[in-house]
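Naming: A, B, ... by sequence-line order, numbering from 1 per chain.
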Protein chains: 2
Amino acid sequence: MKDNDNRSKPITDLTIRRLSSYLRTLDILEKTGVKIISSKKLADIEGISDGLVRKDLTLFGSFGIRGTGYHVSPLKRHVTRILGLDRRWNIVLIGTGETSKIFLDSEAFQKKNFQVIKIFDKTPELIGKKLDNLVISDMNNLENEIDPKIVDLAIVAVSPPDVQSVIDRLGKIGIKGALYFASRSVAVPKNMVVRNQDVSIELGTLTYHISRKVPG
Amino acid sequence: MKDNDNRSKPITDLTIRRLSSYLRTLDILEKTGVKIISSKKLADIEGISDGLVRKDLTLFGSFGIRGTGYHVSPLKRHVTRILGLDRRWNIVLIGTGETSKIFLDSEAFQKKNFQVIKIFDKTPELIGKKLDNLVISDMNNLENEIDPKIVDLAIVAVSPPDVQSVIDRLGKIGIKGALYFASRSVAVPKNMVVRNQDVSIELGTLTYHISRKVPG
DNA sequence: TAGATTGTTAATCGATTAACAATC
DNA sequence: TAGATTGTTAATCGATTAACAATC
C-alpha cells in the first residue's frame, strides 16, 4: 500500500518523537542482523504498547505484513523518509563552546546527513580561527552570511541571554528551525520550529521522582 | 495555605517538566528584579495557557494571591522544593568523554546543589588520572565504590553498547536514578528512574516539521 | 469599592488501550 | 489450514481549556 496522505490527521510531536526513537532502534536491529520485527517486540524495546507502535506507523502507511511483522530495513527506510532524514541537511552552528564541539563529533551528525556548513561566534579572538575545517565567522554578519535557501537548521549554542536575539534574527532571515541548549524559554518566531534541550529539565524530573520514592 | 498532599493526584511528567521550566524562568525573573508575576505573564513566557500554569501549581499548593499574582521568590522556593532541589544531590559520573566534561562545568551542576563525588571510566589509561579534582576510578569497581546510601544519581555518559549493562548494574546496587545520552532505548530496572537525552530525537522532530512546512 | 487574578470545576479535546476482523 | 500479527475502530483514559466564583 502507498503511504497515506496525512492531511488533517492528528500527528503530534509525541508521535514524531516515538518515530525518532523507533528509528534508532531499527538502526541497531539492522546492524545486529535482525531482519524482521513485530510491533510487540519493538514495543517491548521501546517500553510502550504494541498497539501504539502500530498506530504511529499506520498514520503514515501500511508497512507491515500480517502474521509476520515488519521487515527491519524497509521500515527503517520508511521512518527515515517520514522524518525527512532521507536527504542532506545543511546546518549552521552558532556559538563555539563545548556544546558545539560535542555536536560536531556526535554520531547524530555523522550518520544522518547533517552537514555543518558555517560556524559563528561573537568572540573577536575566535573569529577567523578554524573549527572542524571551517573558518569561524562573526556573529554580527549572520544576516549576510546565511542564505535561508541553503541553510536548513541552526544549532544555537550561545549563552542564555543571547539566545532570544539569535533566534529572532534567524527567524527574520527565514531559517525554519533551531535547536538551542540554554536553560531558558524563548519566544518562537512565526514560521519557525524551535526545540530546546536542557539537562536541568531532565534532572528536575529525576530529582522529583526520587524525592517521592524515598519519603522523608 | 499548606501544601496539598498529593496522594492519588494525577501528577505526570508533563507537569513536572513544566515545573522545571517554570523554575528556570522564575530564576531569571528573580535575577532581573521582578517581584511578582501573574499566571498569565508566566504562561506567555512559557508559551502555554495561564490556566495550565495555575493548574500545575495548585496540584502542590496555593502559592498565589488573588488579584495580584505570585511572589517570584517564594514561588521559586516552592517549586524548588517540589522538585526536590532544596537539598544536595550526590552524583556519580560514568564515562569521561566530552559529554561528561560539559556536565562538569554546566550551569545546571553548579547552581543546583549537584555534587559529583565520583567518576568512573573503563579505559585503563584514564584510570587513576584526575578530572575535576577527582581521581578516575575503574568502571569494573562500580559495585565496590558506589554506596547507594550516599549516591543519589548517575550520569551515564558511555557509548550506546555499554549503556544497558551500566544501568543494570546501577539498578542492582540500588541507585535510584540515571540520565544517559546514548542514542538508544534501554530496559529500565525496577525501582529506578531513567531518563535519556538524545539530540537525534530533537533533530528528528525538527526535520519532520520542516519537511512538511516546505512541501516538495 | 472596582479591578484583577487565583483556585477550581466542568467541558472539551487529545492520546492510549482494548479488542478484533482481516490476512499473511 | 492454523497461528500469528497487522491495521483499525470503538472505548477508555488523561490532559488541557473554558469559565467563573472566590477573594485579594
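The distance from atom NZ of Lys55(B) to atom P of dA10(C) is 11 Å, rounded to the nearest whole Å. Note: CG (Asp44(B)) to P (dT5(C)) measures 12 Å, nearest angstrom. Atom OH in Tyr70(A) sits about 4 Å away from atom P in dG7(D), given to the nearest Å. If you measure from atom CD1 of Ile48(A) to atom P of dC13(D), you get 19 Å, rounded to the nearest angstrom. At whole-Å resolution of the value, CG in Leu75(A) and P in dT5(D) are 16 Å apart. If you measure from atom NZ of Lys41(B) to atom C1' of dA4(C), you get 11 Å, rounded to the nearest angstrom. We find that NZ of Lys40(A) is positioned 17 Å from C1' of dG3(D), with the value rounded to whole Å. At whole-Å resolution of the value, CG in Asp50(A) and C1' in dT16(C) are 12 Å apart.
OP1 and OP2 of dT5(D) both lie 4.0 Å or more from every side-chain N or O belonging to Ser39(A). For Ser49(B), no side-chain nitrogen or oxygen approaches OP1 or OP2 of dT16(D) to under 4.0 Å.
Heavy atoms of Thr12(A) sit under 4.0 angstrom from primed sugar atoms or phosphate atoms, though from no base atom.
Figure legend. dG14(D) is base-paired to dC13(C); pairs are counted as Watson-Crick or G-U wobble with both atom distances under 3.5 Å. Using Watson-Crick or G-U wobble geometry with both donor-acceptor distances under 3.5 Å, dT6(C) finds its partner in dA21(D).
Listed nucleotides dT17(C), dT16(D), dT5(D) differ in distance to Arg18(B); the shortest reach to its side chain belongs to dT16(D). With dG7(D), dT17(D), dT8(C) as the choices, the nucleotide that has an atom nearest any side-chain atom of Ser62(B) turns out to be dT8(C).
Side-chain N/O atoms of Arg66(A) and base N/O atoms of dT6(D) include a donor-acceptor pair closer than 3.5 Å.
Of the two residues near DNA chain C, Asp56(A) and Ile65(B), the one whose nearest nucleotide lies more 5' is Ile65(B). Ranked by how close their nearest DNA chain C nucleotide is to the 5' end, Asp13(A) and Leu57(B) are led by Leu57(B).
Of the charged side-chain nitrogens involved, none lies within less than 4.0 Å of a carboxylate oxygen, so that Asp168(A) and Lys172(A) do not count as a salt-bridged pair.
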